[in-house]
Structure formats: structure tokens, C-alpha cells
Amino acid sequence: MNEESKAPVSFIEQFIIDDIREGKNDGRVHTRFPPEPNGYLHIGHAKAICLDFGMAEKYGGKCNLRFDDTNPVKEEVEYIDSIKEDIHWLGFDWENREFYASDYFGKLFEFAVDLIKRGLAYVDDQPADIISTQKGTPTRPGQASPYRERPAEESLDLFYRMNEGEFEEGSRVLRAKIDMASPNMHMRDPIIYRILKTPHHRTGDTWKVYPMYDFAHGQCDYFEGITHSLCTLEFEIHRPLYDWLVYQLKTSDYRPRQIEFNRLNLNYTIMSKRKLLELVREGSVNGWDDPRMPTLCGLRRRGYTPESIKKFIDLIGYTKVEAINDVSLLEHAIRDDLNLRAPRVFGVLDPVKLIITNYPEAKVEEMDIDNNPEDPGMGSRKVPFSNEIYIERDDFMEDPPHKYFRLSPGTEVRLKGAYIIKCESFKKNEGSGLIEEIYCTYDPASRSGGEAAGRKVKGTLHWVSAQHAVNAEVRLYDRLFDHEDPAGQKEDDYRKFLNPDSLKILKGCMLEPSLASAKPSDKFQFQRVGYFCADLDSKPGSLVFNRTVSLKDTWAKMRK
RNA sequence: UGCUCCGUAGUGUAAUUGGCAACACGUCUGACUCUGGAUCAGAAGAGUCUAGGUUCGAGCCCUAGCGGAGCAACCA
């Protein structure tokens with residue numbers, strides 16, 4: 001027996017625990033993740049993936065990957081590979097259980113035939129708008145279709161002919177015969193099969209009729225032996241239909257159970273696949289994997305790790321409350337993760353030249369600097385130091401305000417891993433007001449690790465030797481929208497809230513030479529600045545880094 | 001004016017058979033630091049949507065309201 005964890009479990013996990021204890025379905029746990037291949041996975045899907053695969057893993061069960069491909073008009077093969085890649089990236093595996101709803105088209109068709117024979121389904125010859133108005137409204141019961149009592153043999157004949165391609169799309173549908181007066185709209189003789197002549201990406205033109213979601217999902221669960229069918233809240237109202245269909249299908253005591261949880265919402269972004277597609281098509285972002293996108297490929301390119309995403313999802317939990325999560329929690333999760341594993345490096349984003357006037361011009365020293373103070377095991381590296389260096393423009397002020405700990409005329413500051421320097425003078429372009437060069441002297445005895453190294457100074461700066469620096473482009477990403485809930489504004493289109501400053505491209509950034517060999521997706525902490533990762537576009541000689549997330553900055557906060 | 005679901009600090013979650021409302025993020029202090037950003041310590045912040053009821057005792061149970069979300073695609 002494993003020792004029980006004391007952490008509280010979600011209501012879903014509690015259901016699973018109870019079901020196991022009661023011996024339901026022989027105590028099996030078998031879940032499924034059922035994406036529709038019509039777009040890229042986003043962090044909201046990650047929440048479902050972590051639950052589906054996570055519960056199976058934790059309770060010794062299995063989780064199937066099942067593509068929900070019942071609508072050939074909307075679905076494309078191109079998405080299938082990206083979906084599989086993203087799930088694997090998160091660290092989950094479905095082994096050989098890669099299924100498709102279309103695998104079951106034959107069995108589903110047979111089941112439909114069976115329902116017709118049992119008088120539980122009928123072909124309706126009416127057009128969509130008539131069927132729709134006959135359905136009534138949530139407050140008013142529906143009316144029976146004139147075809148509702150049509151003989152089974154007639155429906156059967158028509159259904160077969162529908163599938164032969166004899167009838168036009170939209171001319172006839174197959175409906176379950178349930179209850180036109182049900183307070184639940186989904187029980188008012190739902191359409192279960194429609195005619196579609198678009199070829200299917202897997203079954204080609206074998207079929208001319210395709211099952212609707214409601215007629216496929218629960219039955220597929222049943223065919224696969226799924227025990228816990230976990231989905232989002234909006235399917236709650238479908239559950240009676242799910243149960244009704246499974247009841248008609250069942251041949252034993254085994255029953256899959258649908259449980260609904262809240263979807264993931266994040267502030268300052270949108271999660272709708274349709275809108276994300278619009279952003280891509282309209283060029284508001286540079287593709288599905290734009291680092292500003294909440295897609296898994298976007299987050300990956302941005303520098304997020306799978307561990308950080310799982311941690312975040314773990315933190316927000318599963319409930320039935322429609323919640324809007326704060327991005328700062330996501331940012332906390334990635335900082336927390338990268339803090340332990342990202343090597344520290346020096347990168348000057350907005351360089352200004354600093355000349356150490358008493359340091360020999362031709363001299364170069366190799367400074368030994370820790371790769372990660374959080375983890376001595378990560379070792380150290382040599383960083384060249386010389387008389388001309390770059391520091392951050394922000395790190396010098398001609399007229400510093402109170403509590404400014406950085407460099408200004410007459411003050412001292414520590415160059416991280418090197419010497420203490422004192423600003424003696426500076427050169428300013430009188431036209432632009434821009435500082436062009438800063439002149440300092442250094443204290444040779446203050447070298448890190450040296451005899452007088454213990455001397456305290458208020459500030460420590462990062463720096464890069466000018467002659468050794470490698471040039472790079474740095475992309476500063478910020479939230480995609482400047483409104484907390486861009487999609488929730490009734491009056492305004494979400495596009496109105498696109499943040500014009502969501503991407504700032506910096507050229508001519510100066511990085512320490514060790515970064516010259518950085519490979520795409522390598523992650524670093526640019527000390528005092530933030531976490532960065534080499535972009536897919538990065539190549540030796542033309543380096544590109546993405547800012548994943550900035551470090552917390554109390555100075556910046558003080559200035560507000 | 002139907003049905004279903006949901007209302008706990010700013011945000012997200014806890015509070016296993018009713019027992020002084022807890023944790024994380026965020027915010028604010030302070031300490032420490034060769035990352036102002038790590039870390040550590042501490043603080044503020046809800047009396048659990050409202051009103052009744054049951055009970056010695058209710059966030060948990062009951063009733064009635066109020067508020068929010070979802071449901072009327074040949075989408076999933």
C-alpha cells in the first residue's frame with residue numbers, strides 16, 4: 001500500500017477514488033483525451049491533458065488519445081501531428097492507443113440502424129430551419145416532427161440511401177426519438193446523423209453520413225472501455241443524452257461516467273480556437289507558435305517548460321467555478337522552474353560604453369563566474385574582462401534620484417564577478433542628451449575573491465567586454481492584450497484590446513561570448529534582467545533571444 | 001421569466017462524519033545578498049452573496065431570494 005498523500009484532491013479525483021473503492025467497472029480507471037483536429041492545442045487543453053493522463057497515471061490506469069474527427073468539413077490532418085507533438089512535449093504518452101472517432105463509424109452506423117429498428121430513431125425530411133423552430137425554446141416545449149412516427153422500415157430504407165449519397169446535404173437527418181417536451185433542449189429528438197459529402201481525412205468517401213458529437217462521444221467511450229470521461233462544464237447539459245445513449249447501447253454493467261470541470265481562463269489573453277485562428281490569419285501574430293500565443297507551441301517557443309505548465313495547472317486546480325486565472329501565477333511557475341535550472345549569463349540589452357581609464361588597454365582577464373548560485377553543481381565559466389565594457393543604459397544616471405543604487409558621477413559600484421569601479425566622468429551628446437561614454441577607474445584590489453573583495457558597495461551591475469561581446473537580437477514579449485478580459489466585452493471586439501507593445505525587437509544587444517554557441521530553445525537567465533531562450537530563428541552569427549519572463553524588479557516598481 | 005450548474009480575502013483553491021476560515025499567487029514591510037530581481041522573516045486583506053431556519057455550534061444541512069454562467073449549430 002502506498003502512503004496516502006495529504007494534499008487535498010479535486011472533486012473529480014474524489015469521485016475516482018470513490019468509484020475504485022466501490023468497485024465500479026471492476027475498479028478500473030481508464031480515461032481519454034479527445035481533441036478535435038481543427039486547431040493547435042493551447043494551455044487550456046493542457047489542463048485537460050494533465051487531468052486525463054494524470055488521473056490514469058496516478059491510479060494505475062490508462063489514457064487513450066482519441067481524435068474526435070466526426071466532421072470532415074472542419075478537420076484537417078495537419079493538426080494531428082502538432083497535437084501529438086504537444087502532448088508528448090508535456091510528458092505524456094498514450095502508447096499504442098491512438099484512436100479516432102472515425103475508427104468507429106461502422107459500429108456507430110450499426111447502432112443507429114439498431115435504434116431505428118427499435119423505434120428509437122427516425123429519419124426527418126425537414127430542412128434545418130423547420131426542425132429548429134419545432135424544437136421550441138428553453139421556455140417553450142417543442143413540437144413533434146410530422147416524420148416522427150414514420151415506420152421503422154421506411155426510416156431504415158432512407159437512412160441507407162442517405163449513406164449511398166442519394167440525397168443532398170441538408171435534405172434529411174437521422175434523429176433520436178426521445179422527448180420533444182424535455183426541459184433539456186438536447187433531449188428534444190437530437191439530430192444524430194447528417195449527410196456530408198466532403199471526403200473525410202481518414203475514411204475518404206466511404207461514408208456520406210456522419211455522426212454528430214453527441215452520438216459519437218459516449219459510444220466511443222463505451223467501445224474503448226473508458227471509465228471516466230472528463231470534459232469541460234459546457235457539456236454538463238449533454239450528460240443526460242450521453243447517459244441515454246450509453247443506456248441504449250449497453251450489454252453489461254460496465255458504464256463510462258462523464259464528469260465536467262471548469263475550463264482554464266487566463267486574463268490578458270483569449271482561449272477560443274476560432275479567435276486564435278483569426279489572429280494568425282489576420283497577421284496580428286506571427287503564426288500559431290508566436291511566443292505571445294497561449295498555444296502550447298507558442299509557450300514552448302517563448303521558453304516555457306512543460307514542468308512549469310504542469311506546476312501552474314496543479315496550482316489552479318479543478319472545480320466547477322468559472323474562474324479567470326491570473327497570468328502572474330503562470331509567470332511565477334516559470335520563474336520558479338527556471339530559477340533552479342537556467343544558467344546565469346550576462347546580456348546587455350541597451351548597451352552604453354564604459355571605459356576603465358586605469359585598466360591596461362591590452363589586458364584581458366578571464367573572470368571565473370558561477371553558472372548558477374542556486375546550484376553549485378552547474379559549475380562556472382570564464383568571462384573575459386577588459387578596459388572597455390558595455391553596461392545597461394539604465395544602470396547609469398547623471399542625476400540619480402534618492403535610493404538609486406547604480407552608477408552615477410562619483411559613486412562606486414561592483415561589476416559582478418570583477419571589480420569595483422568608480423565613475424569619474426562621462427560624455428554626453430548635447431544634441432540628443434544621450435550618454436555616449438562613461439569613464440571610470442577601478443580598484444585593482446577589489447577583484448572578486450581577492451583580498452579587498454569584501455568591501456561593500458550598494459549596487460552590482462552586469463557587464464560585457466566590448467571587444468569580446470557577441471551581437472544579438474532580443475525580442476521582448478509582453479501580454480498580447482492590454483485588457484484583462486478582451487473577449488468578454490459585449491460592446492467591443494477583442495481585437496480592439498490588442499497590446500501595441502506586445503513585441504519589442506531590440507537589435508544590437510551585447511552578450512557575453514559564451515552565448516555565441518546557444519542553440520534554439522536553450523534557456524538562460526540574463527542576470528538582473530530576466531529569463532530568455534534562444535529562438536527558433538537563432539543561428540550562429542545571428543543570434544535571436546526571446547524574453548520568456550522578466551525578473552521581478554522592485555526598482556522599476558518603486559519608480560511608478 | 002423553463003432547465004442545469006456555480007457564488008469562500010484582489011486572483012485561484014482548501015477547510016475528509018457540522019467545531020475559532022487555511023494555502024498559493026499578488027500586494028506591503030523588514031532582513032540578507034557580488035542578481036534591487038534569489039532567499040528568509042513578517043504584515044495587511046474575507047467572516048464565506050442575502051435573509052430566515054435546524055443545532056450548544058453552520059462555509060458545510062434546509063427554505064426562499066439575489067447574482068453569475070451555460071442550454072434553443074445538420075459544431076465539438
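Convention: sequence-line order gives letters A, B, ...; per-chain numbering from 1. A quick note: this is a predicted structure, and the numbers were derived from the prediction, not measured.
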| message | Under 3.5 Å for both donor-acceptor distances, Watson-Crick or wobble: does B:G42 have a partner, and if so which one? | response | B:C28

| query | What integer number of Å spans the C1' atoms of B:U63 and B:U29? | reply | 47 Å

| field | Euclidean distance for P, B:G70 against B:G36 (whole angstrom) | value | 47 Å

| A:Phe405 aromatic ring stacked with six-membered ring of B:G36, 5.5 Å and 30° | yes

| task | Ignoring backbone atoms, establish whether A:Lys456 has a side-chain N or O less than 4.0 Å from OP1 or OP2 of B:C34. | result | yes

| request: Using atom types as modelled and distance alone, determine if a side-chain donor or acceptor of A:His200 lies under 3.5 Å from a backbone N or O of A:Asp69. | output: yes

| Between A:Asp336 (CG) and B:G37 (C1'), how many Å, whole number? | 14 Å

| How far does the P atom of B:A76 sit from the matching atom of B:G18, given to the nearest Å? | 44 Å

| request: Compute whether any side-chain donor of one residue and acceptor of the other, for A:Gln258 and A:Glu236, lie under 3.5 angstrom apart. | output: no

| said: Categorize A:Pro373 for me: base, sugar-phosphate, or nothing, with a 4.0 angstrom heavy-atom threshold over every strand shown. | reply: base

| C1' spacing across the pair B:U8 / B:A14, given as an integer number of angstrom | 10 Å

| query | Nearest-Å distance, CG (A:Asp395) to P (B:C34)? | reply | 17 Å

| query | If the P atom of B:C49 is compared with that of B:G67, how far apart are they to the nearest Å? | reply | 16 Å

| note | Taken to the nearest whole Å, CZ/A:Phe312 to C1'/B:A24 is 12 Å

| message | On the side chain of A:Gln525, is there an atom forming a donor-acceptor pair with the base of B:U35 - under 3.5 Å, no angle test? | response | yes

| remark: pair_partner(B:C61), Watson-Crick or wobble, both distances < 3.5 Å, evaluates to B:G53

| task | Starting from C1' on B:G37, measure out to CE on A:Met558 and report it in whole angstrom. | result | 13 Å

| message | Is it the case that B:G37 (base atoms only) and A:Arg335 (side chain only) share a donor and an acceptor within less than 3.5 Å, ignoring hydrogens and angles? | response | no

| request: For B:A9 versus B:U50, give the span between their P atoms, rounded off to a whole number of Å. | output: 10 Å

| request: Pick base, sugar-phosphate or nothing for A:Lys403, based on heavy-atom distances below 4.0 Å to the nucleic acid. | output: base

| Per A:Leu551 side chain, nearest of listed nucleotides B:C6, B:U35, B:G36 | B:U35

| field | A:Glu236 side-chain proximity, nearest of B:C5, B:G36, B:U1 | value | B:C5

| query | What is the distance, rounded to the nearest whole Å, between atom CD of A:Gln258 and atom P of B:C5? | reply | 13 Å

| request: Remember a base hit wins even if backbone is also touched, and classify A:Glu374 as base, sugar-phosphate or nothing at under 4.0 Å, heavy atoms. | output: sugar-phosphate

| said: Looking only at the side chains, is there a donor atom on one of A:Thr232 and A:Glu260 sitting less than 3.5 Å from an acceptor on the other? | reply: no

| Could you give the NE2-to-C1' distance, from A:His462 to B:A38, as a whole number of Å? | 16 Å

| field | Carboxylate-amine/guanidinium contact A:Asp124 A:Arg150, below 4.0 Å | value | no

| note | For nucleotides 71-76 of chain B, 5' to 3', base contacts (B), sugar-phosphate-only contacts (S) and non-contacts (-) with protein non-hydrogen atoms under 4.0 Å give SBSBBB

| query | Does the ring center of A:Phe215 lie less than 6.0 Å from the ring center of A:Tyr193? | reply | yes

| Hey, does A:Arg344 reach any base, or is it just sugar-phosphate, or nothing, if we go heavy atoms under 4.0 Å? | base

| message | If we ignore hydrogens and angles and just use 3.5 Å, is the side chain of A:Lys177 paired with the main-chain N or O of A:Asp189 as donor and acceptor? | response | no

| query | Looking at A:Phe346, A:Phe396, A:Tyr442, A:Tyr390, which hits ring pair (Phe, Tyr, Trp, His ring centres under 6.0 Å) with A:Trp463? | reply | A:Phe346

| message | By nearest heavy atom, map A:Lys416 and A:His332 onto RNA chain B; which one lands nearer the 5' end? | response | A:His332

| query | Paired with B:U1: which nucleotide, if any, by Watson-Crick or G-U wobble criteria at under 3.5 Å for both distances? | reply | none

| Phosphate-side-chain proximity, A:Lys557 and B:C28, N/O vs OP1/OP2 below 4.0 Å | yes

| task | Check every strand shown and say whether A:Arg140 touches a base, only sugar-phosphate, or nothing at a heavy-atom separation below 4.0 Å. | result | nothing

| How many Å lie between CZ on A:Arg528 and P on B:U33, as a whole number? | 17 Å

| request: Could you tell me the separation between the CG atom of A:Leu407 and the P atom of B:G36, rounded to a whole number of Å? | output: 13 Å

| message | So that I can tick it off, tell me whether A:Glu13 and A:Lys58 are bridged by a salt bridge, with the cut-off set at under 4.0 angstrom between side-chain N and carboxylate O. | response | yes

| request: Report yes if some heavy atom in the side chain of A:Val73 is under 4.5 Å from a heavy atom in the side chain of A:Leu196; otherwise report no. | output: yes

| B:A22 and B:C6, which share atom name P, separated by this distance in whole Å | 25 Å

| said: Quick check against the 3.5 Å criterion: does A:Arg406 have a side-chain atom that pairs as donor or acceptor with the backbone of A:Val413? | reply: no

| request: Sticking with atom P, work out how far B:G59 lies from B:G19, rounded to a whole angstrom. | output: 9 Å

| B:G67: pairing nucleotide in any strand, Watson-Crick or G-U under 3.5 angstrom | B:C6

| request: Decide yes or no for A:Gln143 and A:Met180: does some side-chain heavy atom of the first lie under 4.5 Å from some side-chain heavy atom of the second? | output: no

| Strictly under 6.0 Å, is that where the ring centroids of A:Phe526 and A:Tyr531 end up? | no

| remark: Reading nucleotides 7-21 of chain B from 5' to 3' and marking B where a protein heavy atom lies under 4.0 Å of the base, S where only the sugar-phosphate is that close, and - otherwise, the string is ----SSSS-------

| Syn versus anti for B:G47, judged by chi lying within 90° of 0? | syn

